[in-house]
Amino acid sequence: MSENSGTSIQIQTGAVRAFLRLAGGYFLRAEGARWLTLLLLALTLLQIGIQIRFNLWNRDFFNALENRDRDAFLWQMLLFLGLAAASMITAVYQLYVKQLVQLRWREWLTARLLSLWMADARHYQLERTGEADNPDQRIAEDTRLAVDLAVDFATGIFNSAGMLIAFIGILWTISGALSLTIFGHAITIPGYMVWAALIYAIIGSGLTYLVGRPMVALNFWRTAKEADFRFGLVRARESSEGIALIGGEADERRGLQRLFSNVADAVRDLMKSQRRLMWLTSAYGMLTSVFPTVVAAPSYFSGAITLGGLMQIGSAFGSVQASLNWFVDNFPRLAEWRSSVERLLSFRESLRVIEEMVAEPDQSTIVRVEGPAGEEEKVAFRDVQVAFSNGSVVIAEATAEIRAGERVLVKGESGTGKSTLFRAFAGIWPWGSGEIHMPPREATMFMPQRPYLPLGTLRGALSYPNPPETVSDEAGIAALERVGLGHLEGKLDEEARWDQVLSLGEQQRLAFARLLLQKPRWVFMDEATAALDEENQDAMMRLVLEELPKSALISIGHRPGLDAFHERTLHLQRGPEGAKLAMRQRGRVLRPRKTIKIRNPFRRRPGQTAA
């Protein structure tokens, strides 16, 4: 994992702007987003108005008590019930609308991140570079936290600003002026309770920032370690058969315990920081409950204000103080939000690096060009060089041309880059140089060693990536029977984890059934029969030749007997500067000419921070 204690992106005060650049488009593009937001703000303003009326009620209620006025007391109780009902109704719908904004914003941002992640094989390339760990965690959990807390903070700040504007005027009016004599000089401070509230809040906010500042990095670190632990658990679950067969439970348990130890260490560090902040906020909160009464008490004892006025001052001071103390009260959540935003932004930045790799003038990449459909379809490449994401060359040079309908086998020692060349054909491997001409994407099918079987029904696995309804019962059953999976014909619409229900050999035969149903003009196989015995391998290959006699076939494989199903062979031969492709055709061997040095697209330039 490439990230650590939050140094991957230095956002500082630009966190909000950076987040809005990523997610703010929701309010401009999503249908109904602005009206829903305006409704939330209107409900917030209504709640502020109710609180202002409660402040006036507070004065009148305690004056009625002080004057022992029974009728006024009963009227104030009835008024209280009305205000309380209005406040409850407003609060309920304010919460509902706020949650609706959060949900819809999260839906929009999740859809955007998924479209960026799942576009043009970026999900695969991101995994290969290791630039952003646990994208699933970032899209699911960090998106939820970033959006939910952003809405909470926005409404909280708006409410605090409204309450501050409303109650600071009330507090200024009712607190009056304070006359002091300092060193023989008479000083009058108008609206002295307002200044007391400001000074009190500034001191509290400053101390909170100083004490709680380390929590931002600690929250980032904890989130990353939690994601690593969850990834380890999922990986263990997915690999349970291999772990059980080899008896690796003890080692796996140690590994998972080590990952959780990292989580525990991160949580302990965060707990220490939270404990220090809690000492401060607890003391601050306790003082807040008595501070306004103590400060206003001299005016009450002198008879300048009534008991109702004293209570009104206390209530108004509390509202002003709550508004000014928003930062103090929300600092731990701000730290959590900041860490989630940083992880989302670093994820987006890593995707951007991949997006812009081809557009960068000085960066060599493999260019995949799709030709027109028809008789002129071909796979052609000349002086193609294939590298790893770190810039090291695996295939120094490859030149060949494969015409429509040809059957070609690619062979070579393990590690010479056969599967990597296969990925370059598919367009998911950009690292390298040169140009590959390919037939149209809709005319091709790629069959890796481990077929991908999506979640859902067996019919969906047969039709993938097309919709399940494109496979009829008759066609699906016929295809299953042709590949020796007739025992599954009654399960076309059964939902299961087919990648776990079926053995690897059965999964490979299911991939051949998918091939028979979709009938592509070009078939690319990468060890697609590796889990089959020789008899079943021969049966599958004969089936392809019988059912798709005019389709081109490009295979990668070591298994004996594959040569018989191909017309010619391309050999990748290991060399000191990378493997080179030799093609035997018409009695002569075509060999490469030159090697091009590949620059690592993820090598940081001077002054460039990690993404």
Side-chain angles (χ1 to χ4, degrees), residues 1-27 30 98-99 101-119 122-123 126-127 129-154 214-235 259-260 262-263 266-267 269-270 273-274 330-355 609-611:
M1 304 300 172
S2 63
E3 295 173 344
N4 47 38
S5 60
T7 60
S8 62
I9 288 186
Q10 299 299 323
I11 300 180
Q12 304 302 333
T13 57
V16 174
R17 291 194 301 272
F19 177 66
L20 288 178
R21 283 196 298 271
L22 173 67
Y26 164 75
F27 299 98
K98 185 182 76 170
Q99 291 175 335
V101 171
Q102 290 171 326
L103 175 60
R104 291 187 179 179
W105 193 8
R106 183 186 176 190
E107 286 177 337
W108 183 90
L109 182 56
T110 299
R112 185 185 179 200
L113 291 174
L114 285 175
S115 66
L116 292 171
W117 185 48
M118 282 292 172
R122 290 175 198 149
H123 56 97
L126 187 67
E127 195 70 22
T129 61
E131 287 294 305
D133 60 8
N134 302 301
D136 52 321
Q137 162 78 8
R138 297 175 191 243
I139 294 174
E141 188 65 14
D142 290 321
T143 298
R144 181 187 66 81
L145 282 172
V147 167
D148 286 0
L149 292 179
V151 174
D152 281 345
F153 295 155
M215 290 177 63
V216 175
L218 292 173
N219 264 297
F220 190 103
W221 183 243
R222 180 192 62 81
T223 303
K225 296 299 109 180
E226 292 274 14
D228 290 345
F229 179 56
R230 277 192 292 271
F231 175 79
L233 291 172
V234 171
R235 185 173 179 274
L259 289 174
F260 184 75
N262 293 336
V263 173
V267 171
D269 290 341
L270 185 60
S273 183
Q274 289 174 330
N330 288 277
F331 190 87
R333 300 176 74 219
L334 278 168
E336 184 179 13
W337 176 79
R338 168 96 172 261
S339 68
S340 295
V341 167
E342 289 190 357
R343 284 174 58 78
L344 281 180
L345 293 176
S346 64
F347 173 61
R348 178 67 184 99
E349 182 61 24
S350 296
L351 289 174
R352 194 189 308 280
V353 170
I354 294 172
E355 291 170 30
T609 58

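- The structure places CD of Glu226 at 7.5 Å from CZ of Phe260, a figure rounded to the nearest 0.5 Å.
- Asp152 places a side-chain heavy atom less than 4.5 Å from the side chain of Lys98.
- In terms of heavy atoms, Gly232 sits closest to Leu259 at CA-CD1, 4.0 Å.
- Under a 3.5 Å cut-off, the side chain of Arg138 and the backbone N or O of Arg343 do form a donor-acceptor pair.
- For the pair Glu107 and Arg104, the salt-bridge criterion is not met [side-chain N within less than 4.0 Å of a carboxylate O].
- Put simply, CZ on Arg352 and CG on Leu116 are 9.0 Å apart, with the number rounded to the nearest 0.5 Å.
- Phe347 places a side-chain heavy atom less than 4.5 Å from the side chain of Ile139.
- Surrounding CZ of Phe153 are more than 12 heavy atoms belonging to other residues, nucleotides or ligands, all under 6.0 Å away.
- The structure places OG of Ser340 at 7.5 Å from CD of Glu141, a figure rounded to the nearest 0.5 Å.
- Using a 4.5 Å heavy-atom cutoff, the side chains of Val147 and Leu109 are in contact.
- Arg348 contributes atom CZ, which lies 11.5 Å from atom CZ of Arg21 (distance to the nearest 0.5 angstrom).
- Under the 3.5 Å distance criterion, the side-chain polar atoms of Ser115 are matched with a main-chain donor or acceptor of Arg112.
- Side-chain atoms of Trp108 never come within 3.5 Å of backbone atoms of Gly25 as a donor-acceptor pair (strictly under, hydrogens ignored).
- Looking only at side-chain heavy atoms (C-beta outward), Val16 and Trp337 come within less than 4.5 Å of each other.
- Smallest separation of non-hydrogen atoms from Gln137 and Ala227: CG-CB, 3.6 Å.
- A distance of 5.5 Å separates CG in Leu113 from CG in Leu22, rounded to the nearest 0.5 Å.
- In summary, Arg222 and Asp269 do not engage in a salt bridge, as defined by a charged side-chain N under 4.0 Å from a carboxylate O.
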